[in-house]
Amino acid sequence: MKVLLGVTGSIAAYKSVAIARLLTKSGHEVKTILTRGGKNFISSLSISNLTVNDVFTEDDFWLPNQKVPLHIELARWPDIVVVAPATMHFLGKLAHGLADDLLTSTIAAIDKPVLLAPAMHTEMWDSRVLQDNVTRLKIFGYEFIGPYEGELSSGDRGIGRMAEPEDIIERVIQLGNTERILRGKKVVITYGGTEEEIDDVRVITNKSSGKMGISLSRRAKELGAHVIAVVGRVEVQPLYYDEIYYAKSVDTLSMTLEEIVPNADVLIMAAAVSDFKPVGRMEGKVKRGENLIVEFEPTEDILKKLSKNKKPDQIFVGFALESKNLLENAIKKMKEKGVDMIVANYATAMGNDFISGYILTREGEKIPIETLTKSELSIILFDKIAEKIGQR
Ligand code: CTP
């Protein structure tokens, strides 16, 4: 595997020497970019000796007589980029497209996974501006490892310690080996709960958090997909998307999907769509007083409606949330809603980090899921989706 290692200016840079050495020893090709700050902590000579390969610094950026600019040449070379350590300053530049040196310019031109291993003092990691930049970077699909809690260079303990070289290498290999099988594919992922208005200030909703959708989006981006998130009421910050639509009510969700789904390759309906809405929304704020009786009517089944116009090469995936007769009900839903696959899970998964149940396919496959994290489920689900895309 070809790994481009970026080293920025932090005391944790001594660990990047170990990353370079271990990767090279296990047969990977490593080229390195040392930023101005990185060069203050480790030398080009030690890295080039360990990697037996090129090490670039700012002195190499924009040299005369280069046929292809160095940052473009470097951006075309690797299978994966890892920046370890990644400082607050570097993350800030990356988050805002400030490509003013060799490393940021190279990453700006890259179309491969980029893994970031931050290292900094706890107060810096916790600062709002840094956290805001991390969120921005995750939205764009950058992958993070750490930082973790531990001893810091100041002698304090806290979050900010860079991940250990072995763990960074494991993630580099995992990400670098991930075939970008969904490159060029549009994947629509709905998540969160819907909200139906009762009066001007009150809504009826459900316990969905949106966590499942974020795990799905992250995996879809890892696989190179163009992710279109359609988000209802969520408790988490939407991340890992190329486009985002906000749709809280069943009607808005339905209208939004009708517009975008015809151009999508994959639809995953992880949203917890309300099955009922109040009959006639009440005006103003209903005053406190007597018992309030709200009559509900059924909402339209969005997935069922969309499936009627499903093209043969499109793949639709639903989620079936059940409190009893899981398999029986989910199989029935898969057929009725005309989807290719359904994730049958228990109501307890709502808002939770774990999920149990089955992935069911039209072809009759029944893949058990036993207390998996939502990220683990996303990996298995997209493997199945990719398999189906391959068959069409
Ligand atoms: N769904 C939908 N439109 C609805 C309700 C649900 O598109 N009005 C979608 C969900 O996003 C999910 C799938 O259908 O992918 C199954 O949702 P679920 O709540 O499990 O089933 P329901 O169809 O609501 O049936 P029931 O409430 O009877 O279990």
Side-chain angles (χ1 to χ4, degrees), residues 187-197 203-217 220 228-234 238 245-262 264 266-279 296-310 314-352 355-362 369 374 377-378 380-382 384-385 388:
V187 178
V188 175
I189 303 175
T190 72
Y191 56 92
T194 53
E195 261 181 19
E196 297 301 322
E197 294 186 352
V203 294
I204 176 156
T205 182
N206 55 59
K207 290 185 186 171
S208 173
S209 62
K211 288 179 187 168
M212 188 68 241
I214 294 188
S215 298
L216 290 165
S217 305
I228 306 174
V230 185
V231 180
R233 187 205 53 78
V234 282
Y245 295 82
Y246 293 95
K248 282 197 173 161
S249 70
V250 179
D251 289 345
T252 325
L253 180 61
S254 176
M255 273 173 355
T256 309
L257 290 174
E258 263 203 82
E259 192 147 330
I260 59 178
V261 169
V266 178
L267 166 68
I268 307 182
M269 277 292 279
V273 186
S274 174
D275 292 327
F276 309 98
K277 61 179 180 188
V279 179
F296 291 96
E297 60 184 344
T299 56
E300 74 173 327
D301 188 326
I302 303 177
L303 202 45
K304 197 168 171 181
K305 182 189 68 176
L306 293 170
S307 290
K308 296 212 167 90
N309 296 317
K310 180 167 121 52
Q314 284 186 312
I315 292 172
F316 285 8
V317 182
F319 273 70
L321 194 69
E322 307 293 342
S323 40
K324 54 181 188 236
N325 300 334
L326 180 67
L327 270 175
E328 194 187 318
N329 285 339
I331 291 171
K332 200 165 142 223
K333 272 184 200 172
M334 177 166 61
K335 289 185 180 147
E336 277 176 10
K337 289 175 189 269
V339 293
D340 302 275
M341 267 187 259
I342 203 149
V343 181
N345 66 129
Y346 296 101
T348 46
M350 221 181 216
N352 222 316
I355 185 162
S356 293
Y358 298 88
I359 296 176
L360 306 171
T361 69
R362 288 290 277 209
I369 310 162
K374 291 182 172 176
L377 168 70
S378 303
I380 303 175
L381 188 64
F382 273 108
K384 272 281 138 209
I385 293 173
K388 282 190 177 285

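First listed ligand is number 1; within each ligand, the first listed atom is number 1. The first residue of the sequence shown is numbered 1, and numbering continues consecutively from there.
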Quick check: do [X] and [Y] have side-chain heavy atoms less than 4.5 Å from each other?
{"X": "Ile315", "Y": "Leu267", "result": "no"}
{"X": "Ile214", "Y": "Tyr191", "result": "yes"}
{"X": "Ile369", "Y": "Val343", "result": "yes"}
{"X": "Phe382", "Y": "Leu216", "result": "yes"}
{"X": "Asp251", "Y": "Thr299", "result": "no"}

With heavy atoms of [X] as the reference, note each atom of ligand 1 found under 4.0 Å away.
{"X": "Gly318", "result": "15 (O)"}
{"X": "Ser274", "result": "8 (N)"}
{"X": "Leu321", "result": "20 (O)"}
{"X": "Thr299", "result": "8 (N)"}
{"X": "Ala320", "result": "20 (O)"}

Exercise. Among side-chain atoms of Glu195 and Ser249, is any donor-acceptor pair under 3.5 angstrom?
Worked result: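 Judged by distance alone, the side chains do not pair up.
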Which residue holds the protein heavy atom closest to [atom], what is that atom called, and what is the gap in Å?
{"atom": "atom 28 (O) of ligand 1", "answer": "Lys333 CE, 4.6 Å"}
{"atom": "atom 10 (C) of ligand 1", "answer": "Ala271 O, 3.7 Å"}
{"atom": "atom 7 (O) of ligand 1", "answer": "Leu303 N, 2.8 Å"}
{"atom": "atom 3 (N) of ligand 1", "answer": "Ile302 N, 3.0 Å"}
{"atom": "atom 8 (N) of ligand 1", "answer": "Glu300 O, 2.8 Å"}

Exercise. Taking non-hydrogen atoms only, is Asp301 closer than 4.0 angstrom to ligand 1 via side chain, backbone, both or neither?
Worked result: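 Contact part for Asp301 vs ligand 1: both backbone and side chain.
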Exercise. What part of Ala272, side chain, backbone, both or neither, has a heavy atom within less than 4.0 angstrom of ligand 1?
Worked result: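 Under 4.0 Å from ligand 1, Ala272 contributes no heavy atoms.
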Taking only non-hydrogen atoms of [X], do any sit less than 4.0 angstrom from ligand 1?
{"X": "Lys305", "answer": "no"}
{"X": "Asp275", "answer": "yes"}
{"X": "Ala270", "answer": "no"}

With the threshold set at 4.0 Å, does a side-chain nitrogen-carboxylate oxygen contact exist between [X] and [Y]?
{"X": "Lys337", "Y": "Asp301", "answer": "yes"}
{"X": "Lys333", "Y": "Glu322", "answer": "yes"}
{"X": "Glu258", "Y": "Lys305", "answer": "yes"}

Problem set entry | Asn309 side-chain N/O to Pro262 backbone N/O, donor-acceptor pair under 3.5 Å |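 No; judged by distance alone, with no hydrogens or angles, the pair does not exist.
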For this session: Return a yes/no value for Val273: is any of its N or O atoms, backbone included, closer than 3.5 angstrom to an N or O of ligand 1?
Result: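 N/O-N/O distance below 3.5 Å does not exist for this pair.
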For this session: Please say whether Phe319 places an N or O atom under 3.5 Å from an N or O atom belonging to ligand 1.
Result: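 There is such a contact, yes.
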Problem set entry | Passing option when Asp340 is tested against Lys388, Arg362, Gln314, Lys310 for side chain to side chain donor-acceptor pair (under 3.5 Å) |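 Exactly one pass, corresponding to Lys310.
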Problem set entry | The one among Lys277, Lys337, Glu322 that brings a heavy atom closest to atom 14 (O) of ligand 1 |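 Answer by nearest heavy atom: Lys337.
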